[in-house]
Amino acid sequence: MYSEKVMDHFENPRNVGEIADPSGVGTVGNAKCGDIMRMYFHIDENRIIQDAKFKTFGCGAAIATSSMATELVKGKSVEDALKVTNRAVMEALDGLPPVKVHCSLLAEEAIHAALWDYAQKENVHIEGLKEPVEDIEELQ
Amino acid sequence: MKQRIYLDNAATTQLYPEVFKEMEPYFTEYFANPSGIYQFARESWNVVDKAREEIASVIGAKPEEIYFTGGGSESDNWALKMIAEAYAHKGKHIITSKIEHHAVLHTCAYLEKQGYEITYLPVNEEGRIDLKQLEEAIRKDTLCISIMAANNEIGTIMPIAEIGEIARRKGVLFHTDAVQAFGHIPLSVEDMQIDMLSASGHKINGPKGIGFLYIKKGIKVQSFLHGGAQERGKRAGTHNVPGIVGMAAAARLAQKEMEKRSAYESQLRDYAIGRIEKEIPFAVFSGSRENRLPNNIHFCFRFIEGESLLIMLDAKGICASSGSACTSGSLDPSHVLLAIGRPHEIAHGSLRLTLSEKTTKEEMDRVIDELKKIIERLRSMSPLYEDYKKEQEKSNV
């Protein structure tokens, strides 16, 4: 049911953990639906994401998409990180089963939530960034 | 891959080699259609007759009260739709519970669309209905009560004899979905005053694709499948002779071994439950301690999600199940867990282990050792667990 890439990122997830004193942290999803993702970014003065970590409560796909999403944003500027869409995460994982597409939407939203937190804290503007929704249902 | 440990016997069981041996001649040697007029068909006919007697004797019914079907789901569908239709003049009300199998719940939903009214009784935290509530739910126009003998997820055994007594006294028909109970716990349609009972072959080490419906003599039987005179004209379709032979052989063995098997399984079950409760923190036990199927273990592990747990167990060669949202493609957790009052976030972390008499203590020990490691790992990734720990630290300060 899952691709090899998904299984790899589920069994050996990259970037699991927390960042002490992060530049931005965002949590999306809800326990009722069975998925919660939290992402921590460390962003330097040039607005480059130097480090990204995550914690996720959810199914195999939720953990794998979190892992892949943090991999994809690491080293990118906040503007480029904003371009990491759910489609990009899915493609990087060689696809997801149709019922798991919402996990990739959640991953995209978690990136936005962490960037939003950073923008709020630093009082900076990121072109194109909207206030994230917590409940993924609203995205579908 | 390590040696496989199969702990999903509530989903299906291994066909016993000795059962298969009894079935074998009816595939290749005695292949005749039992409805044939020639001598050659007689062996097939006789063996179906004999199987009917064997099945009937296991539940204390008469052979002519046993109707072979394609499985438990068909039996459930047939029982409810038949009663609804045949007794529609009496009323349009049916009583069931919130934790039935979907074969019953979805049939009830279908009947609701046809204008029937269904009462879904709540259950307590063990998963049992309240008998007083049942009695109060019975109305003049109630046709039937359909309550499962044992629950497929949390293994709770319902007070079947008491329900049968109420139904008989109130003049209401009583159907029980005994798919998980048949061959595992003693069932007597006479003592328990059961009017209809659904069961299947593959949950008792018999073949898949075969089941039966017991219908008490005197009940108006309406055809479910049309197109042939089989099963006294009530269930058309060429007899699945090897399947019928296999189910009867499995039922005979199950009956013979029940006491020994159930003692062994429940001891191993309780040992595993004890170890989990002692060694894994935040494990929420599900179901009943006394009224429980001998082979069912069910827990919800807080702060983690069931599907990721199952995949990690699978990577260790352990076959288990959860009833979690993700596996079924819906975001809602199990209707059974919600009905026993589990909050959504806890219900998501469910795990069902159903053992067999071949499961060993060494296997259970290995499973629990792996389980401990996997749960610890998933919790280390869980934002819910992180929040919980931070709150604990705060309140400790």
Is chain B contacted by the side chain of [X], its backbone, both, or neither, given a heavy-atom distance below 4.5 Å?
X     : answer
A:E18 : side chain
A:A61 : backbone
A:I36 : both

Please check if atom [atom1] in [X] has more than 12 non-hydrogen atoms from other residues, nucleotides or ligands closer than 6.0 Å.
X      : atom1 : answer
B:K390 : NZ    : yes
B:N396 : CG    : yes
A:D44  : CG    : yes
B:E125 : CD    : no
B:Q392 : CD    : yes

Fill in the blank from the handout: residues 374-387 of chain B vs chain A, non-hydrogen distance cutoff under 4.5 Å, contacting residues -> B:R377, B:L378, B:S380, B:M381, B:S382, B:P383, B:L384, B:E386, B:D387
Problem - CD1-CD distance between A:I63 and B:E305, expressed to the nearest 0.5 angstrom - result: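 A:I63 atom CD1 to B:E305 atom CD measures 8.0 Å (nearest 0.5 Å).
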Exercise for the section: Would you give the length of the straight line joining atom CD of B:E307 to atom CZ of A:F10, rounded to the nearest 0.5 angstrom? Expected result: 7.0 Å
Fill in the blank from the handout: Between A:F57 and B:F303, the two heavy atoms sitting closest are CD1-O, 3.3 Å
Problem - Over all atoms of both residues, closest heavy-atom pair of B:S308 and A:G60 - result: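 Looking at all heavy atoms of both residues, the closest pair is CB-N, 4.1 Å.
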Practice task
For side chain to side chain contact (heavy atoms under 4.5 Å, CB included), just list the numbers for B:I311 and A:M7, CA-CA rounded to whole Å, side-chain angles, deciding distance to a tenth of an Å, and then say yes or no.
Solution key: CA-CA 9 Å; B:I311 303 176; A:M7 284 308 292; 3.5 Å; yes
